[in-house]
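When reading the values below, keep in mind they use all heavy atoms of this one structure, side chains included, and skip hydrogens, waters and symmetry mates. Model, not experiment: these values are computed from the prediction. In the text below, chain A, chain B and the rest are named by the order of the sequence lines, each starting its count at 1.
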There are 2 protein chains.
Amino acid sequence: MQVTRAGEYGVLGLLCLARRGPGQVVMIDDVSREEKIPKSFLAKIFQSLARAGIVKSSRGVRGGFSLTRQPGDITTLDIIEAIEGPIAFQRCLQAPTDCPHTGGCPLCGLFSSAQTQVKDVFSRTTLADLLRGGSQRGHPKGAAGLPVSDAAAPTEFQRV
Amino acid sequence: MQVTRAGEYGVLGLLCLARRGPGQVVMIDDVSREEKIPKSFLAKIFQSLARAGIVKSSRGVRGGFSLTRQPGDITTLDIIEAIEGPIAFQRCLQAPTDCPHTGGCPLCGLFSSAQTQVKDVFSRTTLADLLRGGSQRGHPKGAAGLPVSDAAAPTEFQRV
DNA sequence: TGGAAATAAGACAGTTTTTGTCCGCTTTTG
DNA sequence: CAAAAGCGGACAAAAACTGTCTTATTTCCA
């Protein structure tokens, strides 16, 4: 139940790009040094981000990476799923055929609900939000300072 | 970003106990057969649950495990944390000293928020809820009910 | 009282995931 | 052309996950 280092590095790396301003091309080496992330690892992560279209890569001498969208249009869910793959609390939520409880799994509903909440938080927080929160204290007690509106309960349930 | 097999097995195993009625002593072997969970693995998991006080073990001939509380008083958060340890999206949320961003980590707030949501869902769902078919314990916040998402939802879950 | 039944505890092993590293390749600029 | 940068894949160490096995220890009851 963790966000991996790779996912964390990805967000931090993009945050670094976002701080330079939109369109700016930044080298892996700079991001690596600035955020203290192993360069080769970060390179791999940015390849994923490039494949996902979040970032544009330019090769050659004056190459590097740049954001393809405004920081306000890049959610942390975009980033994390680009790197770690789709968030899935259980296999059955990704591939229903894998669930052994064909007659109605008692847990799928629970896990689905938890998963929805997490995706909700991540999808409501963009790079721009994180930039604005930069002055905020390191370890908030609650969810203070984040754009998580408590009114946002996803209450559309579906028949199936 | 997954609930482990062990955690899932734990909930299923306790659900099995809950179905037998409170106070009933059930053997690992029965639960194992009924839920199709490897016996030795399940034994380990129940040891964790016993250490956490969720379940009482009796050794010897007529031994087995029994719930120490009513199913309505055992949350899935209790169970999962007993087995997997505390839910922590990032190391810094468990041990703030580990966070390298001393001047204010841009991510701790985000992760803390997501983590709170997950723990909220799990802490609002008890064994009794799962027995009833997945509805959650009442909560003033009236937060998200069960599955929102797409085709992954099993057939029996309906709007609550 | 002894044997059978049941959990307790810990060592061990196979697999997968995570976290990187490395190297040869291609692309781009000057 | 040479240097600089990312691309892609192979590789590897470490950790986590998923079990299995063995040896206690406890308890019941014939």
Side-chain angles (χ1 to χ4, degrees), chain A residues 1-10 12-13 17 24-33 35-66 68 80 83-91 94 98 100, chain B residues 1-10 12-13 17 24-33 35-68 80 82-91 94 98 100:
Chain A
M1 183 66 59
Q2 278 206 170
V3 176
T4 64
R5 292 262 188 205
E8 180 188 348
Y9 289 163
L12 289 174
L17 259 66
Q24 277 293 322
V25 174
V26 188
M27 288 184 303
I28 281 291
D29 211 51
D30 290 345
V31 179
S32 162
R33 202 171 327 102
E35 300 288 337
K36 301 191 182 62
I37 298 170
K39 178 181 167 180
S40 300
F41 196 24
L42 189 61
K44 278 239 143 351
I45 293 166
F46 265 74
Q47 282 178 32
S48 298
L49 294 172
R51 270 191 293 269
I54 294 171
V55 115
K56 179 179 168 305
S57 73
S58 357
R59 285 154 88 146
V61 167
R62 300 289 299 162
F65 293 89
S66 54
T68 59
I80 291 172
I83 295 168
E84 303 186 1
I87 286 181
F89 269 49
Q90 277 292 278
R91 294 154 193 79
Q94 222 178 352
D98 282 2
Chain B
M1 184 65 60
Q2 278 208 170
V3 176
T4 64
R5 292 261 188 206
E8 180 188 347
Y9 289 164
L12 290 174
L17 259 66
Q24 278 292 324
V25 175
V26 187
M27 288 184 303
I28 282 291
D29 212 50
D30 290 345
V31 179
S32 162
R33 203 170 327 105
E35 301 288 337
K36 299 192 182 62
I37 299 170
K39 178 181 166 179
S40 300
F41 195 24
L42 189 60
K44 276 237 142 354
I45 293 167
F46 265 75
Q47 282 177 32
S48 298
L49 294 172
R51 271 192 292 269
I54 294 172
V55 115
K56 179 179 168 301
S57 73
S58 354
R59 285 152 86 144
V61 167
R62 300 289 299 162
F65 292 90
S66 55
L67 298 180
T68 59
I80 291 172
I83 295 169
E84 302 187 1
I87 286 180
F89 268 49
Q90 277 293 277
R91 294 153 194 80
Q94 222 177 352
D98 282 2

(message) Measuring to OP1 and OP2 of C/dT19, would you say a side-chain N or O of A/Y9 lies under 4.0 angstrom away?
(response) no
(request) Identify which one of B/V31, B/V25, B/D30 satisfies the side-chain contact (heavy atoms from CB on, under 4.5 Å) criterion when paired with B/L17. (result) B/V31
(request) Taking the side chain as every heavy atom from C-beta outward, state whether A/K56 and A/F65 have any atom pair closer than 4.5 Å. (result) no
(message) Checking contacts here: which listed nucleotide (C/dT19, C/dA9, D/dT18) is nearest the side-chain heavy atoms of B/K44?
(response) C/dA9
(message) Please report the distance, rounded to the nearest Å, between CZ in A/R5 and P in C/dT18.
(response) 13 Å
(message) Base, sugar-phosphate or nothing for B/S57? Non-hydrogen atoms, less than 4.0 Å.
(response) sugar-phosphate
(request) Mind calculating the distance between CD1 (A/I80) and P (C/dT18) to the nearest angstrom? (result) 13 Å
(message) Minimum heavy-atom separation for B/L49 and B/A82, please, with both atom names.
(response) CD2-CB, 4.1 Å
(message) Students often get this wrong, so: under 4.0 angstrom with heavy atoms, is A/A50 touching a base, only sugar-phosphate, or nothing?
(response) nothing
(message) Measure CD/A/E84 against C1'/C/dT16 and give the value in whole Å, please.
(response) 16 Å
(message) Please find the pair of heavy atoms, one from A/L42 and one from A/Y9, that lie closest to each other, and give the distance.
(response) CD1-O, 4.2 Å
(request) Looking at every strand, decide which applies to A/F46 at a 4.0 Å heavy-atom threshold: base, sugar-phosphate, or nothing. (result) nothing
(message) Just the rounded figure in Å: distance from P of C/dA6 to CG of B/L42.
(response) 15 Å
(request) Locate the shortest heavy-atom distance separating A/A43 from A/I28; write the atom from each residue and the value. (result) CA-CD1, 3.9 Å
(message) Output one letter per nucleotide in nucleotides 23-30 of chain C: B when a protein non-hydrogen atom lies under 4.0 Å from the base, S when only the sugar-phosphate is that close, - when neither is.
(response) ---BBBB-
(message) Starting the side chain at C-beta, find the nucleotide from D/dT20, C/dT21, C/dT19 nearest to A/T4.
(response) C/dT19
(request) Send over the distance from B/I37 CD1 to D/dT20 P, rounded to a whole Å. (result) 12 Å
(request) To the nearest Å, give me how far apart CG (A/L49) and P (D/dG8) are. (result) 13 Å
(request) To the nearest Å, give me how far apart CZ (B/R33) and P (C/dA6) are. (result) 10 Å
(message) For the CD1 atom of A/I45 and the CG atom of A/L12, what is their distance to the nearest 0.5 Å?
(response) 9.5 Å
(message) Minimum heavy-atom separation for A/V3 and A/E84, please, with both atom names.
(response) CG1-OE2, 3.5 Å
(request) Round to the nearest Å and state the distance from B/F41 atom CZ to D/dC21 atom C1'. (result) 15 Å
(request) State which of D/dG6, C/dT7, D/dT18 makes the closest approach to the side chain of A/M27. (result) D/dG6
(message) Below the 4.0 Å mark, does C/dA8 have OP1 or OP2 next to a side-chain nitrogen or oxygen of B/R51?
(response) no
